[in-house]
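Shown next, in structure tokens, is the structure this report addresses.
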Amino acid sequence: MEISNSRIAKILRDVAASYIIKNIGNIFQVRAYENAADSVEHSTTEVQDLWEEGRLEEIPALGEKIRSYLDELFKTGKVSHFAEIKKDIPEVVFELLDIPGIGPKLAQKIADLGIKSIEDLEIQIKTGSLVQKGFSAKLAQNIMEGLREVKNRGKRMLLPYAFVQAEKVVAYLKQSQDVIDVHPLGSLRRMVATVGDLDFSVSSNNNEKVVDYFCKMPGVSRVLDKGSYKATVALKSGIQLDLLVGEPNSYGALLQHFTGSKSHNIKLRELANQMGYSLSEYGVKRVEDGKIIQTKTEDEFYKLLGMRTPLPEIREDTGEIEAALRQAQGKLPGLPKLVESKNIKGDLHLHSNFPIKSPSHGPGGDTIEDIVKKARALNYEFVGIADHSPGFSTNSPQEIIKWVKERTNFIRELQKRTKSIRILNGLEIDILGNGSLSIPDEALVYLDYCIAGIHSGHRGTKEIITKRLLNALNNPYVDIVSHPTNRLLNERDSSDADWPQIFQAAAKNNKLLEINAFPNRLDLRDDLVRLALKSGVKLVVNTDAHQIEQMGNMLFGVAQARRGWATAKDIVNTWDWKNFAKWFNM
DNA sequence: GCCGTTTTCGGCCCGACTGTTTTCAGTCG
């Protein structure tokens, strides 16, 4: 029985909470468990898999002690030390910890009242029973709001949706004459695939006015927190917004602080301590005299620490701080020169409404001509139409070949009339359950390129998924594997597969893996992009647009490439035509 | 409990907000 990373993290957090409740050990032992929990949660491979391979030491913040506890956990399903620590603490305490505003101490206090469940707690607040038992009305109210928040806590927003919501808030804030500058920060600025809350910084000399103005924004349903420099509000839509206001002279420190990530900031502050500095959103403080050196820009902030500014997308404490230090010292390897949207010269995964008999996954909504027109408007040098093909279940091999021929002729004719852009003839075909492709090889010879993807049986075992992908990567007609993990954000987890083996095969056979920019895919994921690059795999960023409007999603795919430390040379659709055509043997 | 180009001992990120604390504990980001 596999124990998930999030389950392991919860177990470790419960131990940390138990230490606090029972007042065992010191705060640093508690933090050690919390750090271990964070580290497990951020791990991009299953910790139990690493344990089976004897590689648990690769997870930071897991020392000798906790590793031995995990050893026991994976072998027996429980840890006697943890059971001992958690003894006499009611189970409801650990459930209550999931409610915002309730920490270990308060959870224990609630359990001490004899409350056995979250439902029970809710009833006791509503009936006034909690207040009768000695809780203040304000505290009861706070808990109630926390409970409501848990219930309303929707899924995380998809990045493009978060983008649009943030633009509205920025537009509102800019209307205030007290606002000098405003930026969306946090996970949105780091371009994480999904975003929880929306964070904003404002540069202003009139902080309290800005905070007031923010709290009065149309659509705000509740003000959750309000201070002189910050506020948190909930919108009627359920989205939570955080605002932090700073003075222009220290705005660089504010940007840095609120962009995160948390682990990046912690690593940075530890480093600063060693240099005799203390960091905060107000600037860089010299510990010896307590003087704060204000930083107007992020570059000034990072420069004081002796490093180049790492781009927001890679601020995850996965080596970027060390690289930024080396870069400033003229040592290698420095920071990567990340690929940019403007480097993109074409999109190879576009679905048209070209007539098709029983398409396997539904056609796109626009004509090939309109797609080509849109591609020209985006200043692309080439555009690849990659419709789904008819399959064997409803068509004979001869019918499929005939359809591919007709479509090929149509595209060739269109190219003759179109001089300003190269139109490539592709298809997106299925990798079937046995690893074979959904159309005959005799049809594939007509194509400029072939994208293969798994569109069924995503929940197969690791062995089966790996085998299907390897089969596709070993097929001479396949050029690209689309959306390799097949995750659907908020809906379906990534398929389980032996990624190192898959990346080795892709590199060896010169196959491309796709970074699919469709909002709920963003697949290949950022962490796997980085792993793939280390194996020498080349990538292609495609939008998988089914309507021409969706061709504008390219920047979100590029963002995932950037989060995976990709440079333009790693992404073939940034290459000039000569090199691009050479890769595809066109 | 973890960790190491000043350390295998002695440190461990920083600050805001809330409540009822008259100087601080708990919680959060």
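Chain letters run A, B, ... following the sequence lines, proteins first, then strands; residues in each count from 1.
- Mapping A:Asp242 and A:Ile59 onto DNA chain B by nearest heavy atom places A:Ile59 at the nucleotide closer to the 5' end.
- Neither OP1 nor OP2 of B:dA16 sits under 4.0 Å from any side-chain N or O of A:Ser228.
- At the phosphate of B:dG29, neither OP1 nor OP2 sits under 4.0 Å from any side-chain N or O atom of A:Lys262.
- Within the 4.0 angstrom heavy-atom criterion, only backbone atoms of the sugar-phosphate kind lie near A:Leu279; the bases stay farther away.
- Counting non-hydrogen atoms under 4.0 angstrom, A:Lys226 reaches the backbone sugars and phosphates but no base.
- Using a 4.0 Å heavy-atom cutoff across all strands shown, A:Ile66 reaches sugar-phosphate atoms only and no base atom.
- Using modelled atom types, one finds no donor on one side chain facing an acceptor on the other under 3.5 Å when comparing A:Ser68 with A:Asp71.
- The residue A:Glu64 sits close only to the backbone: its heavy atoms come under 4.0 Å of sugar-phosphate atoms, none of a base.
- Distance noted for atom C1' between B:dC3 and B:dT8: 9 Å (whole Å).
- Note: A:Tyr251 and A:His183 have tilted aromatic rings, judged against thresholds of 30 and 60 degrees for the angle between ring planes.
- Between B:dG19, B:dG1, B:dG29, one nucleotide has an atom nearer to the side chain of A:Asn142 than all others, and that is B:dG19.
- A:Asp197 comes within contact range of no nucleotide atom at all, as no heavy-atom separation falls under 4.0 Å.
- Taking 4.0 angstrom as the limit, A:Tyr277 places none of its side-chain polar atoms (N or O) nearer than this to OP1 or OP2 of B:dC14.
- At a threshold of 4.0 angstrom between heavy atoms, the contacts of A:Ile102 are confined to the sugar-phosphate backbone, with no base atom among them.
- Within 4.0 Å of A:Leu106, counting heavy atoms only, lie sugar-phosphate atoms of the nucleic acid but no base atom.
- Side-chain N/O atoms of A:Lys65 include one lying less than 4.0 angstrom from OP1 or OP2 on B:dG1.
- Toward the 5′ end of DNA chain B lies the nearest nucleotide of A:Lys285, the other residue of the pair A:Gly103 and A:Lys285 mapping further downstream.
- For the 3.5 Å distance criterion, the side chains of A:Ser204 and A:Asp178 fail to qualify, holding no donor opposite an acceptor.
- In this structure, A:Arg67 does not reach the B:dC2 phosphate: none of its side-chain N or O atoms is under 4.0 Å from OP1 or OP2.
- Side-chain polar atoms of A:Gln256 and A:Asn265 form a donor-acceptor pair below 3.5 angstrom.
- If you check B:dG26, B:dG1, B:dC17 against the side chain of A:Phe28, the one that comes closest is B:dG1.
- Counting heavy atoms from C-beta outward, A:His257 and A:Arg269 have side chains that approach closer than 4.5 Å.
- Taking a pair to require two hydrogen-bonding distances under 3.5 Å in either a Watson-Crick or a G-U wobble arrangement, B:dT8 remains unpaired.
- Base contact: A:Gln29 has a heavy atom under 4.0 Å from a base atom.
- Counted by atom type alone, A:Ser263 and A:Ser261 present one or more donor-acceptor pairs between their side chains at under 3.5 Å.
- Rounded to the nearest Å, the gap between the C1' atom of B:dC12 and that of B:dT18 is 27 Å.
- Within the 4.0 angstrom heavy-atom criterion, no nucleotide atom of any strand lies near A:Thr232.
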